[in-house]
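Only one structure is covered here, and it is reproduced in the block below.
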Amino acid sequence: MVACSRGLGAEAHVYVASGANTGGNGSRAQPFVTLHEAREAIAAARKADRVTGKVTVHVANGVYPLDTSFALGSDDSGTAESPIEYRSVEPGGAHLRGGITLQPSGFQAVSDAAVLERLDPAVRRHVRVYDLSEAMPESIPDFKVAFRGKPRGPWLYVDGQPMTLARWPNRDAAEGGWAGFTKALDTGLPDPGSDDPAKRKAHPGSFEFKDPRPARWNLDKGVWLQGYWTHDWSDEVIRVASYDADRHAITLAAPHNYGIMGGTWGAAKRRFFALNSLDELDAAGEWYLDRSGKRLYFYPPAALDNASIVLATVTDPLLKLSSVQHVTFSGFAIEYGHGNGVQVKESQHVQIVDCVVANLGGSGMSVNGSQNRIQGCELYNLGTSGLSLSGGDRKSLTPANNQAINNHIHHYGFFQRTYAPGIGVSGCGQVVRNNCIHDAPHNAILYGGNEHLFERNEIYRVVMETGDSGAFYTGRDWTSQGNVLRHNYIHDLGGGDASHVNTMGVYLDDCDSGDTIEGNVFYRAGRAIMIGGGRDNRVLNNLVIDCPIGLHMDARGMTWKQWNNPESAGWNLEGKAEAMLYRQPPWSERYPNLAGIMNDSPREPLHNPIRRNLFVDCTKQVCSFDGNVKKMLDKLPLADNVAVNTRGRADVVVAKDIPGFTTITGSDEKPVDIGFDAAAKRQYQLREGSRLQQQLPGFEAMPLDQIGLLRK
């Protein structure tokens, strides 16, 4: 029974301790051993009306191993008057773990001559082997021929860090650990004119690779290549089918959706790395699993005597809540799974607070429903994305009010390197506030839908490996309206392709419309703000410092034939609007310009006010406008913007002949007093009485001391 004080309506306290004796009753003196016991006891007590006050489950420090999800359903819900909280007694002390702990003593020197022959002589004495036959009695399936995202498990973690599956080039090699090629022998794209019927449809491609390294790989055992085969925003892992040493040709075993160097973005050098090859186990921290023989080979980065070694195996979400209400999880470490960490589906008033969610093959958290909150959590070492929020009703513009607040999200996208954001948002009316997101290959925040608020977030060192992408990204939808991006600090992004400046701070792609970008700071953020053909995007009161390009606007809707074509993937802009009944209330009232768009030059990027923005020391262009935009500048509401060349540098550009822009140029002898120290973190307020403050008297102060993580 649930341990509680006498009397209906009294609060109840349940105790769980992983090291307790079995057969406990959930009291402090006789705690349950598992969370499952606590869940069942609470459900039974509620059903019998033995408790209607708050229920707190006190979970002692320790490891709580899971071989499937810890799942809650509607019967496990609380109420507003009687919520349920699962609380780790000490923050981070209770570990929900989806992996197998391996003992250091189980790692032995390699004695198999055939294996030693495949290893580099210099590392043979360092590599250790672990027999997994007892720990994993079931068969271990091989990787799929081609995949995006996490490979089939398991995955090895040592002392809280993911280890590297044996690869070439090594992660610390030149070119960021990538091998490159410049010639496709067969793109793999369909060739309707081919005499070979197999080539008239998508088929595995091939490319020329003159480095002889592939000759050493045992392809029969399986070697895979993770590559950006055509676009720097589309990664995929594909098995090697064959290598022809005479032709220097690598042929893949499955087609890639965009082909090998198969498109407009595929003309430049392409890149890949090889993985899952015992022959390449040659660096500290690398490992390889002989899946049929169940032998794990590992080159330890340090002595293993006291190491914590976990093999992540569970592919289900470690914590799974479906149709749950008024339940909180507080202070847990949710870790070492080869799937997702937390899944909340069709639930209300669920809170995940002050938890660590780490070392997972999938994403950290996904939350669907309304009035749910993720707050004060740290999410890192994730195979795909950090967290996602969805819910609300777009047609009625009913907000979900799911919130992600004050979370630290970093080092994600380990397996899926593109479109696996730190925070993903969809639906209507989510709130993303005071989060810090950093260190990832692609997006920080990826969003679509309506009426979302993104404010006071700090984002840095993202878009570190990809191109044609942004810290904030949304696109290809007229109806993604009412979203507000304000008072965010976006800085020190990856360079991407410097010649094209294809890293963006905020990227409104492919005619996306109806966003407000206000009061943000962009520092060393590539092409700071990009409006890719869309309308009704308000760019107000932003501060852009030391970015190659300050603002981009183009008219791709006027030149791209697919803009409204239902046959073109993801486009059909009018059709998407029709699906939302955009000419009827509430849409017609909330978004009047959208309601009349088809009678208002729909292909032109109209109604984009650019006002009260300050651009400091842009090195390529203050404003990048395409030819059609330049012809229609008189239609665009541009006003009260200032471009500054603080010292008159030759490599800094000004906003020449652009209406609505004033240019201020200084010199080494008399630099422009910009009113702030751009080199000092967050010292970006315009100083009272400075020249810029006088030039932009309407420039509104930003709450810089409230941006990013707040102290608890």
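Owing to the predicted nature of the structure, the values given are computational and were not obtained by experimental measurement. The first residue in the sequence is number 1, and the count goes up from there.
- Counting non-hydrogen atoms of neighbouring residues, nucleotides and ligands closer than 6.0 angstrom, the CG atom of Asp196 exceeds 12 such neighbours.
- Here His491 contributes atom NE2 and Asp546 contributes atom CG; the two are 13.5 Å apart, rounded to the nearest 0.5 Å.
- No more than 12 heavy atoms of other residues, nucleotides or ligands lie within 6.0 Å of NZ in Lys320, so this atom counts as exposed by the packing criterion.
- Within a 6.0 Å radius of NZ in Lys576, other residues, nucleotides and ligands contribute more than 12 heavy atoms.
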- [ ] For the pair Trp233 and Tyr473, evaluate ring-ring contact (aromatic ring centres under 6.0 Å, His included) and give the outcome as yes or no after the intermediate values.
- [x] CA-CA 12 Å; Trp233 40 262; Tyr473 180 87; 9.4 Å; no
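- Note that the OH atom of Tyr489 and the CG atom of Asn457 stand 14.0 Å from one another [nearest 0.5 Å].
- Checked against side chain to side chain contact (heavy atoms under 4.5 Å, CB included), Arg239 has the following partners two or more places apart in sequence or in another chain: Val145, Trp224, Ala253.
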- [ ] Could you walk me through whether Phe107 and Ile309 pass the side-chain contact (heavy atoms from CB on, under 4.5 Å) test, one step at a time?
- [x] CA-CA 11 Å; Phe107 286 88; Ile309 308 169; 3.7 Å; yes
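- Donor-acceptor pairing under 3.5 Å is lacking for the side chains of His438 and Glu458.
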Open item on the list: Quick one, Ile260 with Arg270, criterion side-chain contact (heavy atoms from CB on, under 4.5 Å). Give me CA distance, side-chain angles, the key distance, then yes/no.
Closed with: CA-CA 9 Å; Ile260 308 302; Arg270 297 288 86 208; 6.0 Å; no
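- Using modelled atom types, one side-chain atom of Thr230 and one backbone atom of Gly262 make a donor-acceptor pair closer than 3.5 Å.
- Counting all heavy atoms, side chain and backbone alike, Met530 lies closest to Arg556 at CE-NH2, 3.3 Å.
- Side chain to side chain, Ser206 and Asp186 fail the donor-acceptor criterion of an N or O pair below 3.5 Å.
- Here the side chain of Trp229 pairs a donor or acceptor atom with the backbone of Glu236 at under 3.5 angstrom.
- In this pair, His442 and Tyr419 present their aromatic rings perpendicular. The plane angle is above 60°, beyond the 30 to 60° band.
- A ring pair (Phe, Tyr, Trp, His ring centres under 6.0 Å) with Phe272 holds for exactly one of Trp178, Phe209, Tyr228; it is Phe209.
- Asn407 places no side-chain N or O within donor-acceptor distance of the main-chain N or O of Leu379, the cut-off being under 3.5 Å.
- Looking only at distances, no side-chain donor or acceptor of Asp515 sits under 3.5 Å from a matching main-chain atom of Leu508.
- Of the N and O atoms on the side chains of Thr466 and Asp232, not one donor lies less than 3.5 Å from an acceptor on the other residue.
- Panel note: side chain His256, backbone Met261; no donor-acceptor pair is recorded below 3.5 Å.
- For the pair Asn340/Leu360, no side-chain contact is recorded, criterion being any heavy-atom separation below 4.5 Å from C-beta on.
- Residues Pro169 and Arg213 have side chains not in contact (no heavy-atom distance under 4.5 Å, counting atoms from C-beta outward).
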Using residues 112-126 as the side-chain source, report each donor-acceptor pair under 3.5 Å to any protein atom, sequence neighbours left out, with the distance given to one decimal.
from: Asp112; atom 1: OD1; to: Ala114; atom 2: N; distance (Å): 2.9
from: Asp112; atom 1: OD1; to: Val115; atom 2: N; distance (Å): 3.4
from: Arg118; atom 1: NE; to: Asp279; atom 2: OD1; distance (Å): 3.2
from: Arg118; atom 1: NH2; to: Asp279; atom 2: OD2; distance (Å): 3.1
from: Asp120; atom 1: OD1; to: Ala122; atom 2: N; distance (Å): 2.9
from: Arg124; atom 1: NE; to: Leu116; atom 2: O; distance (Å): 2.7
from: Arg124; atom 1: NE; to: Leu119; atom 2: O; distance (Å): 3.1
from: Arg124; atom 1: NH2; to: Leu116; atom 2: O; distance (Å): 3.3
from: Arg124; atom 1: NH2; to: Leu119; atom 2: O; distance (Å): 3.2

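- The closest donor-acceptor contact from the side chain of Asp235 to the backbone of Gly227 lies at 3.5 Å or more, if one exists at all.
- With contacts defined as side-chain heavy-atom distances shorter than 4.5 Å, the pair Glu280/Arg216 qualifies.
- Ring centroids of Tyr258 and His231 are separated by less than 6.0 Å, placing the two rings close together.
- Using a distance-only test at 3.5 Å, with no hydrogens or angles considered, a donor-acceptor pair links the side chain of Ser480 to the main chain of Gly449.
- For Asp468 and Tyr507, the side-chain atoms include at least one donor-acceptor pair closer than 3.5 Å.
- In this structure a side-chain-to-backbone donor-acceptor pair under 3.5 Å is present from Arg152 to Asp142.
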Open item on the list: What verdict does the side-chain contact (heavy atoms from CB on, under 4.5 Å) test give for Leu225 and Ile250, after you've listed the backbone C-alpha separation in whole Å, the side-chain angles of each residue and the deciding distance to 0.1 Å?
Closed with: CA-CA 10 Å; Leu225 307 182; Ile250 293 178; 4.1 Å; yes
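- Judged purely by distance below 3.5 Å, without hydrogens or angles, the side chains of Arg148 and Thr418 pair a donor atom with an acceptor atom.
- Using a 4.5 Å heavy-atom threshold, the side chains of Asp282 and Asn170 count as touching.
- Across all non-hydrogen atoms, the minimal contact from Met136 to Leu311 is SD-CD2, 3.7 Å.
- Taking 4.5 Å as the limit, every side-chain heavy atom of Tyr288 sits out of range of all side-chain heavy atoms of Ser277.
- At a threshold of 4.5 Å between non-hydrogen side-chain atoms, the residues Lys221 and Leu278 do not count as touching.
- Taking every heavy atom of both residues into account, Ser426 and Ser390 meet most closely at OG-CB, 3.3 Å.
- Note: Ile437 CD1 to Leu387 CG = 7.5 Å, rounded to the nearest 0.5 Å.
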Task: Residue pair Asp211, Trp168: steps toward the side-chain contact (heavy atoms from CB on, under 4.5 Å) verdict - done: CA-CA 12 Å; Asp211 192 303; Trp168 180 85; 4.0 Å; yes
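- Ala555 and Asp626 make their closest contact through N-OD2, 2.9 Å (heavy atoms, listed as atom of the first residue, atom of the second, distance).
- To the nearest 0.5 Å, atoms SG (Cys618) and CZ (Arg527) are separated by 11.5 Å.
- Closest heavy-atom contact between Arg417 and Pro441: O-CG, 3.4 Å.
- Side-chain polar atoms of His410 and Glu378 form a donor-acceptor pair below 3.5 angstrom.
- In this structure, the side chains of Leu165 and Trp155 come closer than 4.5 Å at one or more pairs of heavy atoms.
- Lys150 places no side-chain N or O within donor-acceptor distance of the main-chain N or O of Phe414, the cut-off being under 3.5 Å.
- Note that the NE2 atom of His552 and the CE atom of Met504 stand 8.0 Å from one another [nearest 0.5 Å].
- Under a cut-off of 6.0 angstrom, the local environment of CD in Glu175 is sparse, with at most 12 non-hydrogen atoms contributed by other residues, nucleotides or ligands.
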Contacts under 3.5 angstrom, residues 156-164 side chains, donor-acceptor by atom type, not counting sequence neighbours:
from: Asp159; atom 1: OD1; to: Ser308; atom 2: N; distance (Å): 2.8
from: Gln161; atom 1: OE1; to: Asn381; atom 2: ND2; distance (Å): 3.3
from: Thr164; atom 1: OG1; to: Arg171; atom 2: NH1; distance (Å): 3.3

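- Note: Leu446 CG to Thr474 OG1 = 7.0 Å, rounded to the nearest 0.5 Å.
- Under the 4.5 Å side-chain criterion, counting only non-hydrogen atoms from C-beta, Ile423 is in contact with Ile409.
- Contact between Asn520 and Leu485 at its shortest, heavy atoms only, is ND2-O, 3.0 Å.
- Panel note: side chain Ser194, backbone Arg200; no donor-acceptor pair is recorded below 3.5 Å.
- Electrostatic pairing of Arg476 and Asp512 does not count as a salt bridge here, judged by no charged N lying under 4.0 Å from a carboxylate O.
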